[in-house]
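Chain identifiers are assigned alphabetically (A, B, ...) following the order of the sequence lines, protein sequences preceding nucleic acid strands; residue numbering begins at 1 within each chain.
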2 protein chains.
Amino acid sequence: MILDSETKAVELPEDHGDELRLWLRLLTCTTLIEGEVRGRLRERFDVTLPRFDLMAQLDKVPDGMTLSDVSKRMMVSNGNVTGLVERLVESGHLDRRTSDTDRRVQVIRLTKAGRAEFRRMAAEHQIWIADIFSDLSPKDVRDLMRLLAKTKGSAQKSAQKRALQA
Amino acid sequence: MILDSETKAVELPEDHGDELRLWLRLLTCTTLIEGEVRGRLRERFDVTLPRFDLMAQLDKVPDGMTLSDVSKRMMVSNGNVTGLVERLVESGHLDRRTSDTDRRVQVIRLTKAGRAEFRRMAAEHQIWIADIFSDLSPKDVRDLMRLLAKTKGSAQKSAQKRALQA
DNA sequence: GCCAATTGCTTGAAGCCTAAAGAAATGCAA
DNA sequence: TTGCATTTCTTTAGGCTTCAAGCAATTGGC
């Protein structure tokens, strides 16, 4: 039986196994690397990965960000950020104040000590990452960057589609 | 100042920015897709991603696996699996018994209902994944598979190196 | 100015996750 | 056989994470 592309509408069971295998491999890579980074951050600096990630976001901006901004950039829920920030303020890494123009808004920044601490960690972190990817050639890295950009776009489109239906 | 490759030993600050950017992009892709899948599993089947993943592992083997096996395959801690299994046994998806030959070992399997439920979810899940990756050509998929395999190998090597030092 | 909708954040309940310590069973070597 | 190391799993403490509900402040339409 031969079918042309128009016939798709009848919903034949297509083969989607390749995409599934790709997704599982992507997930494996990320889990593996994440675990490795988490372990090194812990044993070397006694810091958790989420704390490090949050500080990384703040290091990019001198004047701080709102909790919502952090939440969007880290792609985690608002409530999650509330707790993380709480602990990092407690430990003296972060500085938090209410916005002058909008009293709902909390602006957080790295303290001087927090920034110094982060820079120290980030320097090593970058070397770990380079080591983890060291078998990849510069071309591999470029190709991966391109393909992952395409993947990201595709995933966002798909997510967008679902969001509209809901 | 010109330096040849021999001079690396003096530890010049090399440029590792590309690898870092690659890692962040990889992480973004995974987080994005994971969130999407988590949301769909929740709204469509009221199941969590870890539960689904655990059931996926068990669906591959008819005779069940030990908790340690599951733990290794899912790349999560032992204690984590203990809790997950507990809840899935409670809900009737899993069957658990102590090994006949080694009383330390717990063997878990999908129940009949659990397997049916999983198959139902997996069928849709696979379509979601295909949709999420739908902008990628077959060649893109192949290339990504290859590059991620290389990445996985590289990361494992790096992790291995660290494990030996410790 | 007033009210409804929206926005920014927090809280609470439930579950996920890790690292570390501990209990039970096994295996192996003296 | 005895004793010690190892393996398998559980427990505990602490932290991360989501979702949903809720509160407070702001915005926009009238």
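Side-chain contact check for A:Ser99 and A:Thr101: at least one donor-acceptor pair (N or O, by modelled atom type) lies under 3.5 Å.
Of the two residues contacting DNA chain C, namely A:Gly39 and A:Lys72, the nearest-nucleotide position lying further toward the 5' end is that of A:Lys72. Between A:Arg104 and A:Gly79, the residue anchored closer to the 5' end of DNA chain D is A:Gly79, taking for each the nucleotide with the nearest heavy atom. When each of B:Gln106 and B:Gly35 is assigned the nucleotide of DNA chain D bearing its nearest heavy atom, the one mapping closer to the 5' terminus is B:Gln106. When each of B:Met74 and A:Val107 is assigned the nucleotide of DNA chain C with its nearest heavy atom, A:Val107 is the one assigned upstream, toward the 5' end.
Within the 4.0 angstrom heavy-atom criterion, only backbone atoms of the sugar-phosphate kind lie near B:Thr48; the bases stay farther away. B:Thr66 comes within 4.0 angstrom of sugar-phosphate atoms only, judged by non-hydrogen atoms across all strands, and of no base. Using a 4.0 Å heavy-atom criterion, one finds that B:Asp102 contacts the sugar-phosphate atoms exclusively.
To the nearest angstrom, P of C:dC16 lies 10 Å from CZ of B:Arg38. What separates CE of A:Met75 from P of D:dC16 is a distance of 18 Å, to the nearest Å. A:Glu34 places its CD atom 13 Å from the C1' atom of D:dT17, with the value rounded to the nearest Å. Between B:Asn78 atom CG and C:dA23 atom P there is a gap of 17 Å when expressed in whole angstrom units. In this structure, B:Arg40 atom CZ and D:dC19 atom P are separated by 14 Å, rounded to whole Å. Put simply, CD on A:Glu86 is 11 Å from P on D:dC16, counting in whole angstrom units. Between A:Arg97 atom CZ and C:dC9 atom C1' there is a gap of 16 Å when expressed in whole angstrom units. With rounding to whole Å, A:Arg103 atom CZ is found 5 Å from D:dA25 atom P.
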* Asked: Which is it for A:Asp95 and A:Thr111 under the side chain to side chain donor-acceptor pair (under 3.5 Å) test, yes or no, and what are the steps along the way?
  -> CA-CA 6 Å; A:Asp95 173 71; A:Thr111 59; over 6 Å; no
* To do: Evaluate the criterion salt bridge (Lys or Arg N to Asp or Glu O under 4.0 Å) for residue pair A:Asp131 and B:Arg162; output intermediate values, then yes/no.
  => CA-CA 11 Å; A:Asp131 185 63; B:Arg162 179 173 76 100; over 6 Å; no
* Take B:Val107 and B:Met65 through the test side chain to side chain contact (heavy atoms under 4.5 Å, CB included) and record every step on the way to the result. => CA-CA 5 Å; B:Val107 179; B:Met65 317 172 55; over 6 Å; no
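Across D:dC16, C:dC17, D:dT6, the shortest atom-to-atom separation from the side chain of B:Ser77 is found for C:dC17. Closest to the side chain of B:Thr82, from the set C:dG8, D:dT10, D:dT6, is D:dT10. Of the candidate nucleotides D:dA25, C:dT18, C:dC9, C:dC9 has the atom nearest to the side chain of A:Arg96. Taking every side-chain heavy atom of B:Leu84 into account, C:dC17 is the closest of D:dT26, C:dC17, D:dT7. Which of C:dT18, D:dT17, D:dC9 sits closest to the side chain of A:Asn80 comes down to D:dT17. Residue B:Arg51 places its side chain closer to C:dC16 than to any other of C:dC16, D:dT18, C:dT26.
Here the CG-CG distance, from B:Leu26 to A:Leu27, works out to 10.0 Å after rounding to the nearest 0.5 Å.
Side-chain atoms of A:Arg115 come within 3.5 Å of backbone N or O of A:Asp59 as a donor-acceptor pair.
For D:dC9, one of the phosphate oxygens OP1 or OP2 lies less than 4.0 angstrom from a side-chain nitrogen or oxygen of B:Ser68. At the phosphate of C:dT18, neither OP1 nor OP2 sits under 4.0 Å from any side-chain N or O atom of A:Arg42.
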